[in-house]
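Index from 1, following the sequence. Given the structure is predicted, the values throughout are model-derived calculations rather than measurements.
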Amino acid sequence: MTCFAQVRKRPLNKKELAKNEEDIIETLSNSLVVHETKLKVDLTEYMEKHEFVFDAVLNEEVSNDEVYRETVEPIVPIIFQRTKATCFAYGQTGSGKTYTMKPLPLKASRDILRLMHHTYRNQGFHLFVSFFEIYGGKLYDLLSDRKKLCMREDGKQQVCIVGLKEFRVLDVETIKELIEKGNATRSTGTTGANEESSRSHAILQLAIKRSVDGKESKPPRVVGKLSFIDLAGSERGADTTDNDKQTRMEGAEINKSLLALKECIRALDNDQGHIPFRGSKLTEVLRDSFMGNSRTVMISCISPSSGSCEHTLNTLRYADRVKSLSKGGNSKKDVLSSTMNLKESTAQPLSLGLPTASTFEDDINDTWPDQNERDDFNAPEDSFEQEKLMWKKNGKLDQYGFSTAENKLRKPNGQTKWKEPVRSDIKHSKSDDDLNALLQEEEDLVNAHRKQVEETMNIVKEEMNLLVEADQPGNQLDDYISRLTTILSQKAAGITQLQTRLANFQRRLKEHNVLVSSSGY
């Protein structure tokens with residue numbers, strides 16, 4: 001597994017210019033500096049500089065064509081070599097994720113079709129497209145009238161989307177029509193940062209399949225997959241005070257899934273034996289992007305305004321951790337070098353003797369829009385090839401690609417066997433079951449707390465009415481005392497039940513060593 005982290009900075013928009021906010025980000029070729037204004041104890045201002053280095057830094061003058069050439073074009077040819085490739089955009093609401101992701105699938109599909117028609121002509125390859133979203137913890141097919149989907153895991157630990165409709169495509173125009181159809185049904189909403197903000201994670205998959213032994217009668221097998229994932233924008237609770245209840249609930253689900261993704265990245269970065277991919281539907285879908293023979297490109301979209309400094313720093317720290325994830329025995333430098341060589345070697349076949357690009361490129365505006373960019377477009381996913389779990393002699397679990405020579409034990413008679421996979425599966429299965437149980441208990445506790453708050457509000461209304469009646473002439477004292485006693489008993493019973501549930505949940509957390517001091521970011 002190899003991850004590349006790249007950053008794209010957008011220009012200041014009209015709203016930020018109207019507030020006279022400053023551009024606090026200085027960009028270089030592969031690094032950037034964030035100038036954060038802070039206050040000392042005596043309230044005097046001072047400037048703190050935060051420097052980050054990434055695989056590539058794209059400023060506001062970079063066009064979408066350059067973004068594609070820098071991010072996606074190098075990984076297109078490798079999907080014909082049984083590799084899973086993923087490109088996803090991350091950032092705060094209104095940072096330009098959807099605008100950045102919008103043209104990438106069309107450009108990638110054009111190059112894939114060119115390779116199929118020339119380099120891999122008459123080899124039985126077919127291109128299939130699917131498009132779905134994760135909204136509120138549930139999956140919906142955007143190409144089938146938002147049909148509800150189910151996510152299942154087979155015996156080989158491969159994630160399968162049950163009921164997802166795939167379309168075989170022969171040209172870019174068909175793909176463009178399918179994407180537009182999916183975007184029209186994607187969940188969007190209005191937030192404080194963006195009038196048309198994405199409220200779901202959208203996953204667009206371009207799957208390369210090959211006919212078995214050249215026979216069209218048998219279903220084709222997946223060879224490789226390129227996924228585009230447009231994550232919904234992260235947002236702080238302090239920024240959602242003006243939103244309605246539905247928008248706040250959407251934001252909570254979005255942040256919960258992004259937190260689960262961060263925990264998976266943290267576990268991978270720390271080389272932990274168990275990676276909590278089952279923490280959310282998003283991380284289950286993204287499992288193949290971080291395991292086995294895969295290539296992942298993360299495009300971190302940031303806002304340059306001084307008002308978004310905290311958001312920008314959080315996004316950059318997130319990306320800084322992703323860039324260090326390079327498993328499989330190759331150093332980051334070697335992987336980058338080989339990828340660049342692959343880019344150079346495949347540049348010629350993609351351009352020589354091939355037809356000109358279709359007219360869809362005329363519809364893609366290559367400059368930043370004046371208004372807040374629409375944060376509601378596409379995304380893809382790749383859930384297909386099984387990551388292969390292999391044991392090394394120290395008993396530590398590592399995820400590698402397709403090489404098996406170093407990870408099997410050879411018997412004297414030449415037979416091979418795996419090193420104790422059963423105990424590992426049982427251990428990890430039990431850990432996943434415990435995690436799922438804790439997550440369910442957490443959800444039950446939150447629901448109980450919410451119900452208690454609603455009951456408390458009703459009791460407060462009843463108390464207000466009782467006080468009004470008590471101030472009226474001729475009020476019966478016995479009736480007042482009786483009703484007040486009943487109200488206080490209801491309040492005490494509700495609080496006691498909630499305290500009991502909370503104490504039980506805390507005890508469960510301590511049993512599983514979950515209650516630890518939070519550090520890092």
Side-chain angles (χ1 to χ4, degrees), residues 68 71-72 75-89 98 101-113 115-116 125-135 139-144 146-147 149-154 158-170 172 174-183 185-186 198 200-210 219-231 281-299 377-387:
Y68 173 75
T71 58
V72 181
I75 63 176
V76 167
I78 65 175
I79 64 174
F80 288 89
Q81 304 168 12
R82 307 190 67 82
T83 301
K84 299 159 288 185
T86 304
C87 176
F88 68 95
T98 298
M101 293 294 291
K102 186 171 184 177
L104 300 184
L106 297 176
K107 295 177 182 293
S109 60
R110 176 197 63 196
D111 287 343
I112 290 173
L113 291 171
L115 286 171
M116 288 173 54
F125 288 109
H126 306 290
L127 177 61
F128 290 82
V129 177
S130 59
F131 197 5
F132 65 98
E133 72 172 357
I134 303 174
Y135 175 74
L139 278 66
Y140 300 93
D141 192 343
L142 296 179
L143 300 181
S144 185
R146 286 182 59 81
K147 176 184 175 182
L149 305 172
C150 295
M151 181 183 295
R152 295 289 183 265
E153 188 175 303
D154 61 17
Q158 288 182 294
V159 176
C160 304
I161 311 298
V162 181
L164 180 61
K165 195 170 184 179
E166 289 186 322
F167 293 84
R168 180 181 173 184
V169 292
L170 301 175
V172 179
T174 304
I175 298 176
K176 181 183 177 183
E177 293 174 1
L178 292 174
I179 292 176
E180 290 176 348
K181 177 183 177 181
N183 288 331
T185 57
R186 186 181 175 189
S198 304
S200 66
H201 307 300
I203 297 95
L204 176 65
Q205 299 177 334
L206 301 176
I208 303 295
K209 297 186 178 183
R210 192 173 190 177
R221 294 180 179 176
V222 176
V223 175
K225 187 175 291 186
L226 176 58
S227 301
F228 294 89
I229 303 177
D230 183 16
L231 297 176
K281 289 291 190 297
L282 174 65
T283 49
E284 288 191 69
V285 169
L286 281 174
R287 173 187 294 191
D288 287 342
S289 301
F290 294 103
M291 308 288 284
N293 189 22
S294 62
R295 298 290 184 273
T296 300
V297 176
M298 175 182 178
I299 305 176
F377 174 36
N378 63 23
E381 185 276 327
D382 76 319
S383 57
F384 81 115
E385 284 188 9
Q386 166 198 7
E387 68 275 8

To the nearest 0.5 Å, atom CG of L164 lies from atom CZ of F132 at 6.0 Å
Going by heavy atoms in the side chains, are L127 and L206 under 4.5 Å from each other? yes
Could you give the distance from CG (L142) to OG (S130), rounded to the nearest 0.5 Å? 10.0 Å
What are the two closest non-hydrogen atoms of E284 and V159, and how far apart are they? O-CG2, 3.4 Å
Got a sec, which residues hit side-chain hydrogen bond (donor to acceptor under 3.5 Å, both in side chains) with Y68, two or more places apart in sequence or on another chain? D111
Taking the side chain as C-beta and beyond, is there a heavy-atom pair between V172 and L113 under 4.5 Å? yes
Would you say that H126 contacts R210 through its side chain, given a criterion of any heavy-atom pair below 4.5 Å between the two side chains? no
Nearest 0.5 Å, please: how far is CD1 in I78 from OG in S294? 9.0 Å
Looking at side-chain heavy atoms only, is the closest gap between Y140 and Y135 below 4.5 Å? yes
According to the interplanar angle, ranging from 0 to 90°, do the rings of F125 and F80 count as parallel (below 30°), tilted (30 to 60°) or perpendicular (above 60°)? perpendicular
L178 versus V169: any side-chain heavy-atom pair under 4.5 Å? yes
Identify the heavy atoms of G182 and L143 that sit nearest to each other, and give their distance. N-CD2, 4.0 Å
With side chains defined as the heavy atoms from C-beta onward, is the minimum distance between T296 and F88 less than 4.5 Å? yes
Looking at E153 and R287, is there a salt bridge between them, counting it only when a charged N and a carboxylate O are closer than 4.0 Å? yes
Which distance, rounded to the nearest 0.5 Å, do you find between the CZ of R82 and the CD1 of I208? 12.5 Å
Rounded distance (nearest 0.5 Å) linking atom NZ of K165 with atom CG of D141: 8.0 Å
Measure the shortest side-chain to side-chain distance between L139 and M151 over non-hydrogen atoms and say whether it is less than 4.5 angstrom. yes
Atom CG in L226, atom CD1 in I112: separation rounded to 0.5 Å? 5.0 Å
Of all residues at least two apart in sequence or in a different chain, which pass the side-chain hydrogen bond (donor to acceptor under 3.5 Å, both in side chains) check with E166? K209
Could D230 and K102 be called an ion pair, given the rule that one side-chain N must be under 4.0 Å from one carboxylate O? no
Heavy atoms of other groups near K147 NZ, more than 12 under 6.0 Å: no
Which atom of P77 lies closest to which atom of L115, heavy atoms considered: CA-CD1, 4.0 Å
Are any of the side-chain heavy atoms of I175 and P105 separated by less than 4.5 Å? no
Might you point out which heavy atoms bring A85 and I75 nearest each other, and give the distance in Å? CB-CD1, 3.9 Å
Specify the closest pair of heavy atoms between A108 and V72, including all atoms of both residues, with the distance to one decimal. CB-CG1, 4.1 Å
Under a plain distance cut-off of 3.5 Å, with no hydrogens placed, do R295 and T86 share a side-chain donor-acceptor pair? no
